There are 2 protein chains.
Amino acid sequence: MHILVHMVETREHALTSEQLATFIHTNPVVVRRTIAGLRDAGIVTSSRGHGGGWQLGRAPESISLAEISAALGETLLPFSSEPESPGCLVEQAVIAALDDFRVEAERLLAEKLSHITLADLAADFRRRYELIGVTSHAV
Amino acid sequence: MHILVHMVETREHALTSEQLATFIHTNPVVVRRTIAGLRDAGIVTSSRGHGGGWQLGRAPESISLAEISAALGETLLPFSSEPESPGCLVEQAVIAALDDFRVEAERLLAEKLSHITLADLAADFRRRYELIGVTSHAV
DNA sequence: TTTCATGTAACTTAAATAGTTACGAGTCTT
DNA sequence: AAGACTCGTAACTATTTAAGTTACATGAAA
């Protein structure tokens, strides 16, 4: 997300993996590896060679957090349910009951995330940025 | 959860760490370590010595999944937000926006989990158990 | 007193994640 | 055409976290 908002703020030109890596204090290769999913989903585009790098693939208003999360292959909940004792009826019942919860919870979270767009986050940044600016002038 | 439902089904006597470990194919020490939080929360009780072991601390109707989750120190969402670049306004805005989501999402999940009790899971097991029984007779 | 069980520290092992190096392939500038 | 630049990706190493193990002290029942 951090990287993506930076891209919104720099829409005119591409940012290299190296620059993006600096933002989040990591390695260019880690960045490429991580956001490869975003590229495959069309959320960002990459170009090689001189002047190349990464840019948003489309308007930030059309990019929801739900889509980003899915493109990155993130899970929305920190647990899954794989049987450890296949055949144990207790376990089967537990898994079934928790799966009902899991499915609904994931639907709920995805719904919420689909209403937040990259543009919203960028606007939030703008707002803060101008607020700080005013404060700085006042002080 | 698997272990806890077993405890519901065996309320009359205590189960040893060894027995519990067998259910989930792991080690007695891992079990003790893991459910220590449940003991501290009064959800289960443990007793030493001959005939000792683990038992439910109170009625399964009064034990919600939300409480179990909290007692185990589980997080409901698979991400937190610790600044990597303190001072970066972009990051601050992203964290703030995502925190809004996180707080509400956690509240929502906890609310859902607070309505599911251990007794519900145990009842689900009972239902399945009797269903299988009938099927077995039919076949 | 012996046996059984938890409580916990300390250590080892295993798995997942992150970071690094290296180099091929494409692209722009001169 | 040459050189500089950047992504794509494989292969490897390092780090971190969780799980598993061993050992033993503590407490309770037979």
Side-chain angles (χ1 to χ4, degrees), chain A residues 1-4 6-7 10 12-57 69 71-75 77-85 91, chain B residues 1-4 6-7 10-57 69 71-85 91:
Chain A
M1 296 310 309
H2 186 165
I3 278 179
L4 282 170
H6 269 290
M7 285 188 203
T10 346
E12 56 275 9
H13 57 80
L15 292 166
T16 67
S17 306
E18 188 111 26
Q19 292 173 305
L20 296 176
T22 306
F23 291 147
I24 59 174
H25 295 117
T26 183
N27 193 288
V29 179
V30 174
V31 169
R32 286 181 216 139
R33 199 150 67 193
T34 305
I35 66 181
L38 298 178
R39 183 191 56 224
D40 298 343
I43 294 171
V44 300
T45 60
S46 65
S47 53
R48 300 184 181 193
H50 207 117
W54 302 81
Q55 271 177 299
L56 283 190
S69 170
L72 292 174
E74 300 282 332
T75 55
L77 292 174
F79 51 83
S80 62
S81 36
E82 279 156 29
E84 299 167 316
S85 310
E91 180 168 273
Chain B
M1 295 311 309
H2 185 165
I3 278 179
L4 282 171
H6 269 290
M7 285 190 204
T10 345
R11 285 203 74 178
E12 56 275 7
H13 57 81
L15 292 166
T16 67
S17 307
E18 187 111 26
Q19 292 173 305
L20 296 175
T22 306
F23 291 147
I24 59 174
H25 295 119
T26 183
N27 193 287
V29 178
V30 174
V31 169
R32 286 181 217 139
R33 201 152 61 196
T34 305
I35 66 181
L38 298 178
R39 182 192 56 223
D40 298 343
I43 293 171
V44 300
T45 61
S46 63
S47 53
R48 302 184 180 194
H50 207 118
W54 303 80
Q55 269 177 301
L56 282 189
S69 171
L72 292 174
E74 299 283 331
T75 56
L76 296 179
L77 291 174
F79 51 84
S80 61
S81 36
E82 280 157 28
E84 298 167 318
S85 310
E91 180 168 275

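Computed from a prediction, not measured in an experiment: that's the story for all the values here. Hydrogens, waters and symmetry mates play no part in the numbers below; they use all other heavy atoms, side chains included. Note on naming: letters A, B, ... go to the chains in the order of the sequence lines (proteins, then strands), and numbering restarts at 1 for each one.
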N or O in side chain of Ser17(A) less than 4.0 angstrom from dC7(D) OP1/OP2 = yes
Of Gly51(A) and Ala36(A), the one whose closest nucleotide on DNA chain D sits nearer the 5' end is Gly51(A)
From the list Val31(B), Leu4(B), Thr26(B), Thr34(B), side-chain contact (heavy atoms from CB on, under 4.5 Å) partner of Leu20(B) resolves to Val31(B)
Any side-chain heavy atom of Phe23(B) within less than 4.5 Å of one from Glu91(A)?
-> no
Are Gln19(B) and Thr16(B) side-chain neighbours, meaning at least one heavy-atom pair lies under 4.5 Å?
-> yes
dG19(C) base / Arg33(A) side chain donor-acceptor hit below 3.5 Å | yes
Within this structure, what is the CD-to-P distance between Glu82(B) and dT16(D), rounded to whole angstrom?
-> 14 Å
Closest-nucleotide ordering on DNA chain C, the 5'-leading residue of Ser47(A) and Pro28(B) | Pro28(B)
Taking only N and O in the side chain of Arg39(B), is any of them less than 4.0 Å away from OP1 or OP2 of dT8(C)?
-> yes
Among dT8(C), dG19(C), dC5(D), the one nearest any side-chain atom of Val30(A) is dG19(C)
dA5(C) phosphate, OP1 or OP2, under 4.0 Å from Ser46(B) side-chain N/O | no
With respect to the phosphate group of dG20(D), does any side-chain polar atom (N or O) of Thr26(B) fall under 4.0 Å of OP1 or OP2?
-> yes
Could you check how far CG of Asn27(B) sits from P of dA9(C), rounded to whole Å?
-> 17 Å
Side chain of Val29(A): nearest nucleotide among dC7(D), dA10(D), dC4(C)?
-> dA10(D)
Measure from the side-chain heavy atoms of Arg48(B) and tell me the nearest of dG24(C), dT21(C), dG27(D).
-> dG27(D)
Let me know the distance between CG of Asp40(A) and C1' of dC7(D), rounded to the nearest Å.
-> 13 Å
Is there a donor on the side chain of Arg32(B) or the base of dT6(C) sitting less than 3.5 Å from an acceptor on the other?
-> no
